[in-house]
Amino acid sequence: MTTPEAPRIGLVLGGGALKGLAHIGALRALAEAGIRPALYAGTSIGAMIAAAAAAGVPVEHLEERARRFKRRDLFRINHLGMLMDRMLSRSIYLEAPLRALCDELVPEGQFADLATPLLVTAVDIDRGIPVVFGRPGLRDVRVRDAVYASCALPGFFPPGVVGDRTCIDGGTTDNLPVDIAALGLDAVIAVDVGIADVPVTTGVATQGFASIFMRAASMMMHEQQQHVLEMWTSPPMLLVRPTVSQVGWFSFGHTEELLDAGYTATRDALREIETMLNARGGIFPRREIKIVVDQAACTGCALCVARAPDIMTIDAALKAHPITPRHEWSPADGAFVRCCPVGAIHVVEPTANVWRDDGPPPIFPEASSVPSVHQHGGSAAR
C-alpha cells in the first residue's frame, strides 16, 4: 500500500515593517497545526523572518527576541551623513543596526546551503529590475546580504550590495511574492501584514516627509498587490490577513498585540486548509456575502464599475448596483467597496435585511480589502 505524498506548501511572508512581528505568531500557529513548509519566501521583514524559519530558528527564540526589540535596535539617525552630504546622503538612518539585526536572526551562509528552499525579493536599482534571490542563478550569495537589501526601505536605510548588485527593499515592486513562490508547489499560505488595506487617517500632510512618503508607498504597494491577487488562479492560496492596520509601520510597544494577531488569524484561516488543498485554485478562506448600495448616497460616479465591471453596473437612474448581490468572497475581494468616494457601498451578512431608511446595514468584516478574484477566468459570483 502506498502512502500519498504530503502536499508541497509554500509559506510567503509579506513586508510591513514592525507589523511583520505578526509573522512570528503565524509561524507558531503553523507549527501547532503540524504544517512544515516546503519553501519559504518573503519580502522585507517577511524575508528576515522567513530566512530565520528556513534555517530552523525556533519560534520561541523569535518570540523572545521580538519582546526585547527596542527602537535603538533599528533606528539610529545618520547625523554625519545628513550633515556632510545633505541631499546626497544615502539614508536617514544608519545601516549598522539593521545589518546587526539581520546577522543576529539570519544564519551565515548562502542560499544553496539551506536545507529548506528560501526566496528573498529585492530590487536592483542600477538595472531597474526586481530580483528574487534563491532562484537558479541567484543562489550563490549570502542570505544575510539579501535579507538586509530586502529590508532597505529607500531613503530610510542605505541600499545593500548582494553579490554584484546594489539592491533596495523588495516591497518596492512586490510586497507579497506569491507568484514566484508558487512555482512547482501544490498550495501557498500567504501572510499579508502590510497593505491589505489603506486605512482612513487624517493629518498625514502635517506629519513630515517620512509620513507622506510611507503613506504614498503604502498606496502604491497596495495597488500592485491587488493586481496580483485579482488575477490569481492556481495553485490554491490560503490568504491570512491579521488585524494590524491600526498599528503604525514603525510603532513600537505593540509586540504582544502583533504576535497574538498573527497567531489568531492564522489559526482561524487554517480551519479551511483541507478545503483549500482540495480545490483546483482560487483564494481561501471563502464566505458568502451580500452587496448593498445606499441609493440615496450614490452619486453615480461609476468608480465601482471601473474597478469591478463584472460585479457592479450603473442602472437607468444612473445609480450603482450589483449585477448579482450575493457572492462568495475570500479575504482578497472587495477593494472597490472602499473606493466609493461617498461610502455608499456596503458588504453585509447574507441574512441581513436590505437597505433600510433608518441607517446602513452592518458592514461585513474583512470583505473590503482587495479587488475581486477571478477563478479560472470567471467571476466569483454565485
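Side chains are part of it too, since the values below use all heavy atoms of this structure and drop only hydrogens, waters and symmetry mates.
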Backbone N/O of P331 and side chain of R241: donor-acceptor pair under 3.5 Å: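 Yes: the side chain of R241 pairs with the backbone of P331.
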So, taking the atom named [atom1] in [X] and the one named [atom2] in [Y], what distance separates them when rounded to the nearest 0.5 Å?
{"X": "R271", "Y": "L238", "atom1": "CZ", "atom2": "CG", "result": "12.0 Å"}
{"X": "T121", "Y": "D169", "atom1": "OG1", "atom2": "CG", "result": "7.5 Å"}
{"X": "T116", "Y": "L11", "atom1": "OG1", "atom2": "CG", "result": "11.5 Å"}
{"X": "M237", "Y": "L176", "atom1": "CE", "atom2": "CG", "result": "7.0 Å"}
{"X": "L318", "Y": "T299", "atom1": "CG", "atom2": "OG1", "result": "10.5 Å"}
{"X": "Q246", "Y": "S251", "atom1": "CD", "atom2": "OG", "result": "10.0 Å"}

My understanding is that only residues two or more places apart in sequence, or in another chain, count here; which of them pass side chain to side chain contact (heavy atoms under 4.5 Å, CB included) with T275?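 Residues passing side chain to side chain contact (heavy atoms under 4.5 Å, CB included) with T275: F284.
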If you group Ile, Leu, Val, Met, Phe, Trp and Tyr by side-chain heavy-atom gaps below 4.5 Å, do [X] and [Y] land in one group?
{"X": "F69", "Y": "V106", "answer": "yes"}
{"X": "V147", "Y": "L101", "answer": "yes"}
{"X": "L303", "Y": "V347", "answer": "no"}
{"X": "V141", "Y": "I168", "answer": "no"}

With R67 via side-chain hydrogen bond (donor to acceptor under 3.5 Å, both in side chains) - residues at least two apart: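 R67 satisfies side-chain hydrogen bond (donor to acceptor under 3.5 Å, both in side chains) with E256 only.
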Any salt bridge (charged side-chain N to carboxylate O under 4.0 Å, His left out) pairs touching residues 114-126, not counting sequence neighbours?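 For residues 114-126, and leaving out neighbouring residues, the salt bridge (charged side-chain N to carboxylate O under 4.0 Å, His left out) pairs sorted by first residue read D124-R127, D124-R165.
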Face-on cation placement of R139 at F111 ring, 6.0 Å and 45° thresholds: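 No, R139 does not sit over the ring of F111.
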Sort out for me which residue in L118, L13, L114, I49 forms a side-chain contact (heavy atoms from CB on, under 4.5 Å) with Y40.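 Among L118, L13, L114, I49, the one meeting side-chain contact (heavy atoms from CB on, under 4.5 Å) with Y40 is L118.
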Stepwise salt bridge (Lys or Arg N to Asp or Glu O under 4.0 Å) check, R144 with E108: CA-CA 7 Å; R144 289 176 174 177; E108 183 61 272; 3.6 Å; yes
